[in-house]
Amino acid sequence: MINAQDSVKYMLNLALATALNDLQFYLDEAAARTAPEVKALLKVLAESEETLIAAIEGMMIGGVTTAMEEVLKLRDSMIPPNEKPFNFGSASSPGLQFERWSLCNGALERDIKAYHFYISIATRAKSKVVSRLFEYIAYLKGGHIERLRRVCESFGDAERRYE
């Protein structure tokens, strides 16, 4: 029989694997791209994902007490991230612009899926600890998504300045 502590450890490993897969995606994409602007975007996203990974690893090592306290404080202010895709231009846009926009939308789609994965575990968890833990991880992922939005929206702002 699996005890509660083993179940939390298992679920943290699942969250860590998901975050590591997202990090690997960013690193693989960065290796495949040549434009420095696109590589910079991917570096920012990888660093943000590393922050989530560090938080999960911290919970694995130090326990989940801090996360439980944080989620209770944040519960009323937890707002789901904006899922609307970026609408910067068309496929006929210059190559670099289109590459950045499509990368932003691809990363957004991937991150939204991870966010919903964490929320679905929080909703279906049989343990309050696991539920709150995944609410907190979803909150952290939501912060990552907001960072992605700020960076990607800055591309559109910069483009409008140069029109």
Legend entry - side-chain contact (heavy atoms from CB on, under 4.5 Å) between L12 and V64, worked out: CA-CA 10 Å; L12 282 172; V64 296; 4.0 Å; yes
Looking only at non-hydrogen atoms, find the nearest pair between [X] and [Y] and report the distance.
| X | Y | value |
| --- | --- | --- |
| L27 | A46 | CD2-CB, 4.3 Å |
| A122 | S131 | O-OG, 2.7 Å |
| A19 | I53 | CB-CG1, 3.6 Å |
| A107 | L148 | C-CD2, 3.9 Å |
| P85 | L108 | CA-CD2, 3.8 Å |

Going from [atom1] on [X] to [atom2] on [Y], what distance comes out if it is rounded to the nearest 0.5 angstrom?
| X | Y | atom1 | atom2 | value |
| --- | --- | --- | --- | --- |
| L140 | Y115 | CG | OH | 11.5 Å |
| L14 | K9 | CG | NZ | 14.5 Å |
| R100 | L42 | CZ | CG | 12.0 Å |
| M59 | L133 | CE | CG | 5.5 Å |

Inset, instruction - Any chance you could lay out the side-chain contact (heavy atoms from CB on, under 4.5 Å) test for F117 and I137, step after step, and finish with the verdict? - result: CA-CA 10 Å; F117 173 69; I137 293 171; over 6 Å; no
Inset, instruction - Kindly indicate, with the supporting measurements, whether the criterion side-chain contact (heavy atoms from CB on, under 4.5 Å) is fulfilled by F134 and I119. - result: CA-CA 7 Å; F134 273 80; I119 289 295; over 6 Å; no
Non-neighbouring partners of [X] that pass side chain to side chain contact (heavy atoms under 4.5 Å, CB included), sequence neighbours left out:
| X | result |
| --- | --- |
| K84 | N82, R149 |
| E109 | K113 |
| E83 | I112, H116 |

Set of residues satisfying side-chain hydrogen bond (donor to acceptor under 3.5 Å, both in side chains) with respect to [X], sequence neighbours excluded:
| X | value |
| --- | --- |
| Q24 | D28 |
| Y26 | D111, H144 |
| N13 | none |
| R33 | E29, E99 |

Inset, instruction - Write out all pairs satisfying salt bridge (Lys or Arg N to Asp or Glu O under 4.0 Å) with one or both partners inside residues 13-23, taking only residues at least two apart or from two chains. - result: D22-R110, D22-K141
Inset, instruction - Take C152 and L41 through the test side-chain contact (heavy atoms from CB on, under 4.5 Å) and record every step on the way to the result. - result: CA-CA 8 Å; C152 289; L41 167 63; 4.2 Å; yes
Legend entry - Pairs where residues 117-126 contributes a residue and the test side chain to side chain donor-acceptor pair (under 3.5 Å) is met, not counting sequence neighbours: none
